[in-house]
Amino acid sequence: MFERPTLTALAWLAVCAALGLVAAARGSEAQVWGLIPAAHKPVIEIDLRVRLDDGAPDEALEAAVAALEPLAGRCPLAPPPAEARRWLDAHALSLLPRDYHAALADRLAPDALRSAIAGARARLASPFAGLVGDDLRRDPLRLAELAPQLSGRLGFLADAGPEASVRGDLVAPDGRAALLCFHTGGSAHELRAGAAALVAGHPVSLSVVGAPARDEAASAAMAAAPRVLTTLAAALTLVLALAFRSVRPVVALLLAILGPAALLAVLVAPLGLLDLPLLALAVGISAAPARPDWTTTALSALALTPLLLTPYPAWQTWGLAWAAGLAAAGLARRLVQPALAAWLGKPAGERAPFARPDPPPLRLGLALAAAAACALILSFGAWSSRHVRFDSPSPLPLAAPELAAAEAAVRAEFFRPEDVALLHSRGADPEEALARAAEELPALLSLVPTRIDRVDAPGAFVVAEPELEARLDGLLALDIRGRLELLRTTIAEFGMRPDAFGEFIRGAGDDLRQPPSPEAALAGPLGPWLTGKFGPDGVVTRAYLASEPDALPAELDLRGPGVFARSEHDRFSARAGAIAAAGAWLSALVVWLATRRLALALALALAAIVAQCGLLILLHALGRSFGPLTLPVFLLAGSAAVVAGLRAVRALAAGRPWIDPGRLANALGPLAAALALLAAPEPVWRSLAIAAGLAVLCAHGVGGLLGPLLYSLTSRAGERFYRRRA
């Protein structure tokens, strides 16, 4: 028969193996958008960039784009320019806002008509008439100049920036690159391979950008996860061997935390880009040489619970998973590790019960100096929180040179993929949704060009009731038909045929009879493009955000990673302060329940906040960033400071040295995790590794050194308060 430790050890290893198999079976995922709420997830499209090789003629680009016609799922990025221009010219009067009717009346005055036609006649007689003649015949009165905030803002029909091709693709300003959009169920790799086969004989290079391309790059990065975890295991083995000076306790401890680590992997599976660093840090914190009691277990387990208050999906998952995993690690260390140690032939050390420690007998001057140091750190931390570089939740940096180069090229030539925002105008049918889009357009255009570069707006081509009726009444009040007859007469007086400007005259007359209502637009030349903009959530308007990080008005209900990143840029400092306060309150509650010492709970809660401010100071001083990505490490700094302070107070109460090597060895586990992540290829992992290393230094420096001094000070203040009340 097996002895009890052997049965416990074998059962535990079986549990670890089962959990490991479950986690492995669930695989991994990209999780590039783990810090973006579901409502702001990016559009699932793949953009294919076609770039001419150096030395290739400009006309080769059109041939290469035409060769890509067989690719499935192609969709326009802009309204077809010929159809859009025809529609705009035919409805130049009705699309003009009522605020410009007074200016329109001035343009249609007899003297203004004569002046405009005289200028048109002079320009048509010029040798360069071929360059301007078509524009003059479409708009001899230059009515497009009346509303400059609308001209050049309908889709990509702009004077500067990329131009729209016949198919609605985008062409770079230098004419050497084109951007094609695809909505397809295939992967970015498959699209690129299919496109490469079609343009094999053309002098072009291809690259892909978009959400699927980023997902594939992040999924490829997860191939390095086994190497990171193996490096972590080796680093922990070395660190624990130095702490225990024996192999068997190290094996027992690592086997004890293997189950909680596998449990964490199952809880957050499939494992993603943001999960791996937190999993490594959880293992490092669990592998402390000191045996945990329930107080330190509770403090560590509740460290990330405030993340439940944040809007970041990945961190919300970890708010619960971390609590379950660290609680399981504490139980395994208390219940399973002794059995594993006995099975390996090494009895576990006895645990000293955690008592209610009295304040250490420290001098008042030293305690006051500690309070002054804390005040200084808090002040500089508050200043640093306003000046430290903000790490945006979108886009997360990836170690994919080809993708990074492609995204940089698209940003320079076309637009920033992460700053594409969507506005869904809801309606039961395309007509209703299109009318709603037209009503929302003025508020959107008011942000151009300060917060939005350009707008791809189906609602810009229509006017909905009752605005349409009001515009028609205003145009009829101007006697448009009579002014058009006067225009015919004026053209004839200058010796020109009125039919030469017949397109404008007929269009202006038809505009009054067939105004640009949603129904007319859907039946007109832009009908196919407008219908393609209608989906389950209504008509989609695309806004291309400006580079400034200013927040956008909430009433517009714009959605997209860039919109969320801009809102977080303004509110993150307040969010981080609230999260820090919640974490300090939880830590103080746990300490008070464990010790019934309110002075100790307050002192360590203050130490937690001081440690977090110290982390902000170091991040700012080293040029690192702080934001949603580093928020878990920020919370871990506060929790670790409370644990370090609690252990320091306990050591002093037991008469042990203030600087306890055994206690300091507990910091080596998180540092080993940080080093393992620092050697990883992904920028996200390295950023968290550096922040975690700085957090460990701040936590043990502030908690272990200043925590007892703050406790001495708060206990003295409490005693004086009670004496005065007595």
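Just so you know, these numbers come straight off a predicted model, no measurement behind them.
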Chi angles and distances behind the side-chain contact (heavy atoms from CB on, under 4.5 Å) call for Leu423, Arg559: CA-CA 6 Å; Leu423 177 64; Arg559 304 293 180 89; over 6 Å; no
Mutual orientation of the aromatic rings belonging to Phe564 and His40 [parallel < 30°, tilted 30-60°, perpendicular > 60°]: tilted
His183 atom NE2, over 12 foreign heavy atoms within 6.0 Å: yes
Sequence neighbours left out, cut at 3.5 Å: what donor-acceptor pairs do the side chains of residues 621-634 make with other protein atoms?
from: Thr630; atom 1: OG1; to: Gly627; atom 2: N; distance (Å): 3.0
from: Thr630; atom 1: OG1; to: Gly627; atom 2: O; distance (Å): 3.3

Rounded distance (nearest 0.5 Å) linking atom CD of Gln337 with atom CG of Leu253: 4.5 Å
From Tyr312 atom OH to Glu568 atom CD, the distance as rounded to the nearest 0.5 Å: 3.5 Å
Inter-residue atom distance Trp33.CH2 - Lys41.NZ, 0.5 Å rounding: 9.5 Å
Trp12 (side chain) donor-acceptor with Leu258 (main chain) under 3.5 angstrom: no
Check: Val410 and Asp47 side chains under 4.5 Å, non-hydrogen atoms: no
Ala280 to Ala673 - nearest heavy-atom pair and separation: O-CB, 3.3 Å
Atom CZ of Phe380 with >12 non-hydrogen neighbours under 6.0 angstrom: no
Atom of Leu326, atom of Ser286 and distance for their closest heavy-atom approach: CD1-OG, 3.6 Å
Backbone of Pro313 reached by a side-chain donor or acceptor of Thr317 within 3.5 Å: yes
Charged N-O contact under 4.0 Å between Asp419 and Arg411: no
For Thr231, side-chain contact (heavy atoms from CB on, under 4.5 Å) partners two or more places apart: Arg227, Ala676
Heavy-atom pair of closest approach, residues Ser385 and Ala382: OG-O, 2.6 Å
Any Thr305 side-chain heavy atom under 4.5 Å of Trp322 side chain: no
By salt bridge (Lys or Arg N to Asp or Glu O under 4.0 Å) - contacts of Glu402 (at least two apart): Arg192
Shortest non-hydrogen separation from Leu396 to Val684 and the atoms involved: CB-CG2, 4.2 Å
side-chain contact (heavy atoms from CB on, under 4.5 Å) between Leu447 and Leu552, intermediate numbers included: CA-CA 9 Å; Leu447 303 177; Leu552 299 163; 4.2 Å; yes
Rounded distance (nearest 0.5 Å) linking atom CG of Leu254 with atom OG1 of Thr237: 5.0 Å
Any Arg333 side-chain heavy atom under 4.5 Å of Pro260 side chain: no
Spatial distance of atom CG (Leu264) from atom CG (Leu19) [nearest 0.5 Å]: 10.5 Å
Side-chain touch Arg74/Asp169, heavy atoms, less than 4.5 angstrom: yes
Arg454 bridged to Asp456 by N-O distance under 4.0 Å: no
Test applied, side-chain hydrogen bond (donor to acceptor under 3.5 Å, both in side chains); reference residue, Glu407; option that passes from Arg214, Arg416, Arg49: Arg214
Main-chain N/O of Ala269 paired to Arg26 side chain as donor or acceptor, under 3.5 Å: yes
Flag side-chain contact, heavy atom, 4.5 Å: Asp275 against Trp318: yes
Expected output: side-chain Ser639 to main-chain Leu299 donor-acceptor under 3.5 Å: yes
Closest approach of Ala303 to Leu636 (non-hydrogen atoms, all atoms of both residues): CB-CD2, 3.9 Å
Spatial distance of atom CG (Leu671) from atom CG (Asn666) [nearest 0.5 Å]: 11.5 Å
Heavy-atom pair of closest approach, residues Val208 and Ala406: O-CB, 4.0 Å
Pairwise side-chain contact, Arg451 with Pro553, heavy-atom cut-off 4.5 Å (strictly under): yes
From CA spacing to verdict: side-chain contact (heavy atoms from CB on, under 4.5 Å), Leu273, Trp685: CA-CA 8 Å; Leu273 187 72; Trp685 299 346; 3.9 Å; yes
Leu677 and Arg686, any side-chain heavy atoms less than 4.5 Å apart: no
side-chain contact (heavy atoms from CB on, under 4.5 Å) between Ser687 and Asp391, intermediate numbers included: CA-CA 10 Å; Ser687 296; Asp391 62 349; over 6 Å; no
Within-4.5 Å side-chain heavy-atom neighbours: Gln316 and Thr310: yes
